[in-house]
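Input: a single structure, listed below in structure tokens.
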Amino acid sequence: MSTDDNAAGTAEEAQVEVVDTFDDTIWDTVNRTLRAVDVRPERSALDLIIHIPHADIIRGLRMLKQDADLQFNYLRCLTAVDNESEGIDVVYQLYSVPKNINLTVKTTLPNENKVIETATTVWKAANWLERETAEMFGVSFSGHPDPRPLLMPEDIDMSDTYPLLKSHPFAEIDVLQGEILGHDRDAEGEG
Amino acid sequence: MSTEIFGFDGVNVWVDGLVRVLLIVGFMTVVVMGLIYGERKILARFQQRLGPTRTGPVGLLQSVADALKLVGKEDLRPRNADAWTFELAPYLVFVPVFLGFVIVPFVLDWQVRILELGLLYFVAVTGINIVGWIMAGWGSDNRYAMIGGMRAAAQGISYELPLVLSLLAVAMVVEVPSDSATGESLRGSLNLNEIIAAQAEIPNLVWQPLVLIVFFIAALAELNRTPFDIPVGESEVVGGPFVEYSGIRWSMFFLAEYAALLIMSLIFAAVFLGGWAWPAGLFQDDPWPRWAQALLVTGKAGLFIFMVFWVRASVPRLRIDQLMSFTWKILLPLMFAQVLINGLVLVYDWPEIVLTVTGLVGVLVLVMAVDRAVRHPRPRPAPATQLEGEAAS
Amino acid sequence: MVVDTSATEFETQDLLLNVGPQHPSTHGVFRMVLEIDGELVKDLVPYIGYLHRGAEKLCENNDFRQGIGYMDRTEYLAAHNAELSYVMAVEALAEIEVPERAQWIRMILCELNRISSHFMFLGAFGVDVGVFGTPFIYGWRERERIIDLFEEISGDRMMFAYFRAGGLAWEVPLNFPERVREVLESARQGVKDFDGLLTQNEIFIARTKNVGVITADDAIEMGMSGPTIRASGVPLDLRKTEPYLQYDQISFETITADGGDVFDRYLVRLQEISQSIDLIEQCLERLEDGPIMPEKMPRMLRLPEGEVYIRTEAPRGEYGIYMVSKGGNKPHRLKVRSACLSNLQALKQMCVGQYVADAIIVLGSIDIVLSEVDR
Amino acid sequence: MRGILKSLATTLSTFSRRPVTRLYPEGHRDLPERDRAFPVLLWDKDIDEPFCTGCHACERACPVECMTVTMTDNPNHTTNDGNSKRRKIVDKFYIDYARCMRCNICVEVCNFEAIAMNNTWQGHETSVYDRADLVMDLPQLLVQSKAKQLEEWVPE
């Protein structure tokens with residue numbers, strides 16, 4: 001279970017507090033691989049989560065893919081989480097086919113500047129996933145080879161609001177029931 | 001000018017022609033409706049379904065209902081369609097098929113006309129409908145239709161060859177009743193009645209097994225039937241040239257398709273199974289009564305039709321390049337070889353058993369060639385290694 | 001495309017062919033624009049999103065029981081598998097221990113659903129290849145029997161809403177094992193029929209062998225999963241690599257093929273049906289009486305903070321649920337990782353350079369469910 | 001060619017089997033008791049009133065918000081010289097069948113076993129020409145249970 005992932009404590013505190021509990025994970029290897037990058041570990045219910053600053057994300061991901069002990073050559077999933085005032089997390093679920101290990105990589109983008117480098121240069125699988133994330137959260141992936149919207153209609157301008165942001169309103173639905181409908185059939189008549 | 005029809009002498013030729021045309025068209029329409037019903041029921045059985053059940057007892061009137069519906073439907077034409085081509089195309093598919101009926105021998109002496117060059121006439125006339133297919137494909141201003149029309153043209157022309165050669169192979173060795181004047185036994189005839197009469201005792205099936213198989217395959221292709229339904233492939237070009245047609249024009253295509261199926265089956269019965277003559281000739285010199293002949297021919301044609309339906313329920317569709325390779329690289333050489341052997345048999349008066357043996361060897365070669373083609377497929381066009389631009393989008 | 005416009009040669013123009021969203025072979029509302037030169041595909045641009053309903057947003061606004069119904073609708077051909085990922089995500093976050101009987105029943109149902117989904121694939125694929133309807137009815141026939149069984153258990157034929165966080169919504173009927181065995185018997189017959197109809201048919205082989213090849217490396221790079229990647233020779237089966245439920249308790253081998261072509265994808269799925277039949281029989285032997293829900297389940301589940309990425313092996317590949325909880329009775333973020341979406345990305349790579357007819361069967365061989373792609 | 005012959009043999013073997021389809025509107029399949037069509041309300045035959053008290057539990061639990069319930073005082077309550085123990089009773093009840101996703105949650109949350117999923121063919125064959133006709137009101141929801149055409153199955 002998640003232990004302490006709240007952003008309440010500072011990153012350093014969290015690291016000091018948590019490091020001991022990563023014995024059974026691949027944290028040591030990951031940490032060694034990502035020496036050059038500022039990394040912070042965390043635990044999810046299943047996998048190890050590491051936080052990488054967004055400036056270093058592609059460098060970090062490429063190291064993770066190319067390291068001989070890790071070989072994260074398979075991108076399971078790429079998405080984002082809207083943390084409202086705390087910015088947007090972009091989440092990468094990695095898997096290593098040769099080593100059979102999993103890793104979650106997270107990076108936080110500030111709300112003012114939701115720009116991140118594209119991961120399609122690391123895995124081609126990121127292509128559509130990034131397009132989806134871009135149109136749903138307004139995260140722009142710089143250098144993406146094909147930055148069209150994926151799922152949303154082409155003829156609707158969604159540039160001011162993004163569907164999966166918490167601030168995006170629900171659609172108004174006509175409620176076809178009760179008094180609103182004028183459900184008195186006799187009065188309504190045929191037609 | 002006058003002629004004789006149904007025993008009435010001195011009938012004007014035009015009246016005579018009209019009566020024959022009306023008879024054929026009426027007869028055909030009814031039979032085609034029966035065929036459509038039959039196909040739906042038989043296919044349904046192959047697929048463990050019930051098939052049509054609603055209209056009439058066990059759905060017998062389904063085709064009638066369909067025909068009424070089609071006739072009542074609006075005849076649509078896309079705005080950008082080439083008007084003349086679009087509207088004329090169904091006639092060019094429909095008319096040649098019905099012209100083919102002129103020489104079809106239903107039973108002894110019951111046919112529209114006995115033509116000395118019957119088979120030649122048949123292949124000449126039915127070949128025209130390819131033009132109609134291309135016109136339909138081009139005139140519809142639809143890309144599916146165009147692809148379908150092009151496929152139809154390629155396929156129709158390619159399979160015309162093995163079809164003609166197979167008929168030729170049979171026609172050249174047919175034994176014509178000896179000329180009473182000279183007493184010489186003659187070989188070779190394009191007259192269907194003579195071809196049938198020559199099979200009174202042994203049908204051509206025995207002498208020409210390879211030709212029979214090639215004819216069946218080529219006929220399937222000519223009829224655009226599975227596995228050669230590439231021009232109309234439902235899952236690829238969604239009906240091909242017909243995709244923009246509706247109502248009566250569409251039903252003309254449909255009618256032509258099934259009428260062609262019927263002609264092919266009757267020609268098959270006549271050329272390979274001895275039409276109305278075999279096996280009657282085994283027991284007596286005179287032909288059987290007409291009703292028995294009709295039953296015989298119906299049964300033989302029905303066998304062909306059932307085979308067509310059966311194949312349709314069982315086999316996937318070929319791809320266009322495989323289709324072309326198959327006819328040009330396998331069927332055509334085999335048929336040339338067969339024609340050559342038939343010629344040798346004629347010239348050197350070899351015993352006819354040679355035909356059977358070589359035919360069976362030919363069948364073996366066909367099977368092996370197909371197996372080999374499947375095991376060693378042609379290398380595919382080089383895959384696109386570099387996907388630049390919108391990579392993998 | 002190279003267009004030589006020198007005066008002596010004809011100028012040729014490639015044809016753009018729009019396939020879908022209303023086309024009999026796009027398995028729903030998928031659209032692809034083919035750029036063709038004669039019959040050869042030179043370029044392919046897929047368009048998806050016609051079925052986008054915002055399932056993720058809906059789930060973020062529904063509690064953990066209400067969300068199950070929406071999961072069914074993301075993957076309507078294998079709804080049990082979709083539900084499984086969802087409830088497992090909730091269980092992982094809430095640290096609920098699922099009773100053993102519930103796990104075995106879940107396994108049986110998921111495998112049955114895999115069989116029914118694969119039969120559906122075989123049927124639709126047979127039609128794509130061009131057999132008139134016969135494989136479709138064969139596939140439908142077997143699927144129907146399985147669905148009848150699902151209806152007897154859960155009450156619904158497609159949108160089961162039968163799994164719950166913690167276990168199952170209610171107990172299976174008393175004759176459950178016998179009925180499952182009956183269905184398996186008929187599924188065996190279905191496999192036999194398909195095997196006879198297609199596997200050795202020369203035309204089928206000619207159509208599917210060496211068509212739409214994707215290599216193991218490319219498949220991994222593209223993030224493909226399920227039978228589609230296993231046909232390329234990558235033994236990536238979550239039931240084996242990261243066993244969930246009780247998959248580590250039973251014996252089975254990951255089925256792979258090494259051609260990576262359409263035929264192998266067909267064959268892998270056909271063999272997986274037989275494998276699932278074996279699996280279910282093993283499960284039935286291990287099935288014992290017991291509770292189907294943990295004893296203490298709150299009326300309204302409230303999850304602690306945390307996040308989890310649950311992945312299970314659905315018939316089409318890895319069906320993942322990424323769930324972030326910030327407390328409360330609703331997920332803060334729910335992401336459905338769709339196997340079809342990732343598999344579909346590779347479509348262009350598999351189709352370019354092939355014939356138009358091949359593009360259709362390659363699309364068929366990916367076995368997409370558009371509601372899962374678009375969510 | 002051998003494979004094609006095998007295909008032909010396979011189809012021929014199915015040719016001889018019994019059809020698996022049936023004539024649908026005439027030949028209804030027996031529905032299992034757990035079959036879930038759309039939710040209907042149940043009728044308390046002993047007291048001759050609906051079980052439902054209009055407590056809004058199902059309305060709140062519905063994922064698609066397809067229900068509208070209002071509650072009223074029961075005129076048949078014992079305090080009013082009636083024979084019912086229900087102090088409150090349902091006044092109006094609307095279910096929009098067009099929106100219902102048949103998830104069974106309303107049945108699970110109901111404290112009075114007053115609602116059940118319809119498990120008859122009548123519940124499945126609800127085609128209408130106007131979507132508004134799919135909004136069922138209280139009499140329509142009760143009619144089947146009242147006429148005893150329903151043997152409901154409610155999970156324990």
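Everything numeric here is computed off the predicted structure, so don't read it as measured data.
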How close do [X] and [Y] get, heavy atom to heavy atom, and via which atoms?
X	Y	result
B/Ser314	C/Leu197	O-CD1, 3.8 Å
C/Tyr138	B/Phe46	OH-O, 4.2 Å
C/Asp128	B/Arg317	O-NH1, 4.2 Å
C/Val131	B/Ala313	CG1-O, 3.5 Å
C/Asn201	B/Pro316	ND2-CD, 3.6 Å
B/Tyr144	C/Val19	OH-CA, 3.2 Å

[atom2] on [Y] to [atom1] on [X], rounded to 0.5 Å:
X	Y	atom1	atom2	value
B/Arg312	C/Thr134	CZ	OG1	9.5 Å
C/Glu202	B/Arg372	CD	CZ	14.5 Å
B/Asn142	C/Leu17	CG	CG	9.0 Å
B/Ile147	C/Ile36	CD1	CD1	3.5 Å
C/Ile137	B/Leu43	CD1	CG	10.5 Å

C/Glu39/B/Arg319 ion pair, N-O < 4.0 Å: no
Above 12 or not: heavy atoms from other molecules or residues under 6.0 Å from [atom1] of [X]?
X	atom1	result
B/Arg54	CZ	yes
B/Asp371	CG	yes
B/Lys69	NZ	yes

Less than 4.5 Å to any heavy atom of chain C: does that hold for the side chain of B/Arg49, its backbone, both, or neither? side chain
Which atoms of C/Asn18 come close to chain B, meaning under 4.5 Å heavy atom to heavy atom: side chain ones, backbone ones, both, or neither? backbone
Among B/Val238, B/Val315, B/Thr226, B/Leu318, which has the most heavy-atom pairs under 4.5 Å with chain C? B/Val315
Would you sort out whether B/Gln47 and C/Phe132 count as a side-chain contact (heavy atoms from CB on, under 4.5 Å), showing the intermediate values? CA-CA 10 Å; B/Gln47 299 168 356; C/Phe132 179 80; 3.7 Å; yes
